[in-house]
Structure formats: structure tokens, C-alpha cells
Amino acid sequence: MDLSYNPLGAAALAALAGVAAKLPALVDLGLCGCNLTGVEAARTLGAAAKNWPVLHSLVLDNNPLGDDGAAVLAEAAFPRLRSLEYLHI
């Protein structure tokens, strides 16, 4: 699913996380340039990640997550994404 370059922001990311459980076969997720910012966006993605056991590709570049957001994402999401082969931040 590629949602890149849509100004999603926090509210749309929260909505995506809310339906994450209905997307267990999600293999690719493109969120490039979606105005995802900081720690809260990283936490939201981390919580949603538990529902994506076969996610192979996650693209998050051109989002101002910052160092703190990247650290939270690494801690919250990456342990759950055991099938992840490609990450672009």
C-alpha cells in the first residue's frame, strides 16, 4: 500500500493504525513524505506494527520524525517486524 506524498499527519496515521488489524497480509507500506512527525507518529507506527507480521518493506523517508522519533520507532516497531527486509527512513 503506497500512501506516499499525501499529507496524512497524525490523525490519518492514527486511523491507519486503527485498521491495521484488518491488514495482516500487508507486505509493502509506503509513507514517504506524509508529514509524519516526532515521537507520537513513531509510537503509532510501533503499535500498528504488531498487526503486520509479513511486512517486507517500510518507506518513511521525507518525514520529520527526528532522532527521538527514529529511536522510538526502532524500539517499538522493529522487534515486531520480523519479516522486514527493506527500510528507508
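In this text, all values refer to a predicted model and were calculated from it rather than measured experimentally. Reckoned from all heavy atoms, side chains included, excluding hydrogens, waters and symmetry mates.
- Of the possible polar contacts, one joining the N63 side chain to the C34 backbone as a donor-acceptor pair under 3.5 Å is found.
- To the nearest 0.5 Å, atom CG of residue D28 and atom CG of residue L58 are 10.0 Å apart.
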Just list the side-chain donor-acceptor pairs under 3.5 Å for residues 82-89, sequence neighbours left out, or say none.
unit_1	atom_1	unit_2	atom_2	d
S83	OG	P53	O	3.0
H88	ND1	D61	OD2	3.4

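- By the salt bridge (Lys or Arg N to Asp or Glu O under 4.0 Å) test, E75 pairs with no residue at all, sequence neighbours left out.
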Can you list, pair by pair, the side-chain donor-acceptor contacts under 3.5 Å of residues 4-24, counting residues two or more places apart and other chains?
unit_1	atom_1	unit_2	atom_2	d
S4	OG	D2	OD1	2.6
S4	OG	C32	N	3.2
Y5	OH	N62	ND2	3.1
N6	ND2	L3	O	3.0
N6	ND2	S4	O	3.4

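- Between A42 and G69, the shortest heavy-atom distance links the atoms CB-O, 3.1 Å.
- Residue M1 is grouped with residue L60 when hydrophobic side chains (ILVMFWY) are merged at heavy-atom distances under 4.5 angstrom, including chains of intermediate members.
- Checking side-chain atoms of R43 against main-chain N and O of V72 turns up no donor-acceptor pair under 3.5 Å.
- The line from CG of L31 to CG of L45 is 6.5 Å long, rounded to the nearest 0.5 Å.
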Apply side chain to side chain contact (heavy atoms under 4.5 Å, CB included) to residues L55 and L29 and explain how you reach the verdict. CA-CA 8 Å; L55 190 71; L29 181 58; 4.0 Å; yes

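- In the hydrophobic clustering of ILVMFWY residues, with side-chain heavy atoms under 4.5 Å counting as a link, L36 and V59 come out apart.
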